[in-house]
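One structure is given here, and the rest of the page talks about it.
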Amino acid sequence: QMMEEKPKFKTVQEVVAANEGLPERYLQPLTDDREDQPLNGPVPEMDIPSIDLSLLLSSSENGRQELSKLHSALSKWGVVQVMNHGITEAFLDKIYKLTKQFFALPTEEKQKYARDIGNVQGYGSDMILSDDQILDWIDRLFLTTYPKDQQHLKFWPEVPTEFRETLHEYTMKQHAVIEQFFKGMARSLDLEDNVFLEMHGDNARMDTRFNMYPPCPRPDMVIGAKPHGDGSATLLLPDKDVEGLQFLKDGKWYKAPIAPDTILINVGDLMEIMSNGIYKSPVHRVVTNREKERISVATFCVPSPDKEIQPVEGLVSDARPRLYKTVKKYVELYFDSYQQGLKPIEAALI
Ligand code: OGA
Ligand code: NI
């Protein structure tokens, strides 16, 4: 595994405040696909459906329709918008508000929660694992939120004052959403409701990453988050006003719709493996914006470290041979390839 060595890196907000121009390390190399679809060029919107979470586990006709909608969207895009998830719009607004307030604090205040070298948890830049890593235009606060005994509260902001208790509450609410969604996913594949939950194990973890993309002087040359597939299933709250998130399909980028009050759920690499490739982990990226800052909140649902992840038995057959090896601690090994712009899931292909 690669190690992070440098003492301390400036956050993007610090780079902007220093007003010393755009450091070269943020500039993307010119490549052929940049000419087809320039970073700041127009992109079509993707046509993902909204899935009614409250219907997924209903045995009614409506429930069956919702499952087939889910099946076709996850086979096509690997990501859906989820509505009627049981979290109020007022509560989601509070999450957005607290995220904005945290990143608007003075540097010294945020640095109280700074991550340590070589560790993802805490506030700061993304990990920088090599001298030639091209940097993303993003600052983030990364916290393990579940189970409780894995929380490191020293990284949890005490200002804004409601941050901690709200994050606790959000975690429990998300936990309920994930449980229902994983059961619905299993049902949509004609599997027993609990297969995915069991594969995640009793010590499944949740990590929440609060993302802040400051306005960027060169949206044509700099990227907010480089193309990647998420390691595991993700619940995402994209910014309610500012676009930027894009998904790749058949070599073309599409922008994610903005739909307040919904949660975007992304299958992630491990679910692709468990579903034997029926549901694809979508490659996505975030482009920057010249005028506006953008925020988002992503929660990753990580299986227990002792769990071996492999395609579910019921999805392997002569007609559909097993596509992936068994993997363990995938997410822990994931960051190295992520920062090199590689696709870690390719290493799991048979
Ligand atoms: C992520 C991610 C998208 C966004 O954190 O993995 O893809 O909209 N975020 O910020
Ligand atoms: Ni992502």
Side-chain angles (χ1 to χ4, degrees), residues 11-13 39 43 45-46 48 77-82 92 95-96 99-100 102-103 115 120-127 135-145 170 174 178 205-216 219 222-249 253-260 262-272 279-289 292-302 330-331 334-345:
T11 61
V12 176
Q13 285 182 305
L39 270 180
V43 286
E45 191 163 299
M46 58 202 293
I48 48 168
W77 289 104
V79 58
V80 286
Q81 285 180 304
V82 170
L92 294 181
I95 302 284
Y96 283 115
T99 306
K100 282 199 177 132
F102 172 75
F103 283 105
R115 69 176 181 83
V120 285
Q121 272 215 70
Y123 163 75
S125 67
D126 257 342
M127 289 228 272
L135 304 187
D136 292 346
W137 194 256
I138 185 176
D139 294 339
R140 88 291 177 284
L141 170 67
F142 188 108
L143 301 170
T144 292
T145 54
Y170 185 44
Q174 289 184 106
I178 291 160
R205 201 178 77 215
M206 288 160 70
D207 295 324
T208 295
R209 180 172 136 134
F210 300 84
N211 298 313
M212 151 67 131
Y213 306 89
C216 175
V222 175
I223 202 154
K226 60 173 72 65
H228 66 281
D230 291 346
S232 56
T234 310
L235 271 54
L236 182 76
L237 303 180
D239 196 289
K240 285 176 62 155
D241 304 304
V242 184
E243 291 176 343
L245 177 60
Q246 301 180 350
F247 286 84
L248 186 68
K249 191 171 139 44
W253 291 103
Y254 294 83
K255 64 182 172 190
I258 288 188
T262 64
I263 299 176
L264 215 59
I265 303 189
N266 173 341
V267 162
D269 291 357
L270 288 173
M271 273 292 182
E272 174 173 331
Y279 293 165
K280 286 273 180 318
S281 171
V283 172
H284 52 287
R285 69 179 185 185
V286 177
V287 297
T288 54
N289 188 297
K292 295 177 188 157
E293 69 176 41
R294 179 176 181 277
I295 56 157
S296 68
V297 181
T299 295
F300 306 100
C301 312
V302 186
Y330 181 86
V331 168
Y334 165 93
F335 287 104
D336 297 355
S337 7
Y338 175 91
Q339 290 301 4
Q340 294 175 71
L342 302 175
K343 283 193 77 182
I345 197 168

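These numbers come from the heavy atoms of this one structure, side chains and all, not from hydrogens, waters or symmetry mates. Numbering of ligands and ligand atoms starts at 1, following listing order. The structure displayed is predicted, hence computed values, not measured ones.
- For Leu264 against Pro238, the heavy-atom pair with the smallest separation is CD2-CG, 4.2 Å.
- In this structure, Arg140 has no heavy atom closer than 4.0 Å to ligand 1.
- No heavy atom of Arg285 sits closer than 4.0 Å to any atom of ligand 1.
- Using a 4.0 Å cut-off between charged side-chain N and carboxylate O, Lys226 and Asp136 make a salt bridge.
- Using a 4.0 Å cut-off between heavy atoms, Phe300 contacts ligand 1 through its side chain alone, with no backbone atom that close.
- Per-residue contacts place His284 under 4.0 angstrom from the following atoms of ligand 1 (heavy atoms of the residue considered): 7 (O).
- Expressed to the nearest 0.5 Å, how far CE of Met212 lies from CH2 of Trp137 amounts to 11.5 Å.
- Looking at Asp230, its N, O or S atom nearest to the Ni ion (ligand 2) turns out to be OD1.
- Residue contact check: Asn211 has heavy atoms under 4.0 Å from atoms 5 (O), 9 (N), 10 (O) of ligand 1.
- Atom 8 (O) of ligand 1 has its closest protein heavy atom at Arg294 NH2, 2.9 Å.
- The single protein non-hydrogen atom nearest to atom 2 (C) of ligand 1 is His228 NE2, 3.9 Å, given as residue, atom name and distance.
- Between Phe103 and Phe210, the ring center distance fails the sub-6.0 Å criterion.
- A donor-acceptor contact closer than 3.5 angstrom is absent between the side chains of Ser125 and Thr11.
- In Ser296, the part holding a heavy atom less than 4.0 Å from any atom of ligand 1 is the side chain.
- Residue-level proximity to ligand 1 for Asp239 is absent, since no heavy atom of it falls below 4.0 angstrom.
- For Tyr213 and Asn289, the side-chain atoms include no donor-acceptor pair closer than 3.5 Å.
- Closest to atom 3 (C) of ligand 1, if we only count protein heavy atoms, is Val286 CG2, 3.7 Å.
- For the pair Lys249 and Trp77, the cation-pi test (distance below 6.0 Å, angle within 45°) is passed.
- Residue contacts with ligand 1, taken as heavy atom pairs separated by less than 4.0 Å, involve Leu236 solely via side-chain atoms from C-beta onward.
- A salt bridge is defined here as a Lys NZ or Arg NE, NH1 or NH2 lying under 4.0 Å from an Asp or Glu carboxylate O, and Lys255 with Glu243 meets this definition.
- Of all N/O/S atoms in His228, NE2 sits nearest the Ni ion (ligand 2).
- Close contacts of ligand 1 with Ala298, meaning ligand atoms under 4.0 Å from a residue heavy atom, involve 5 (O).
- In the model, Asp239 has no side-chain atom that pairs as donor or acceptor with a side-chain atom of Ser296 under 3.5 Å.
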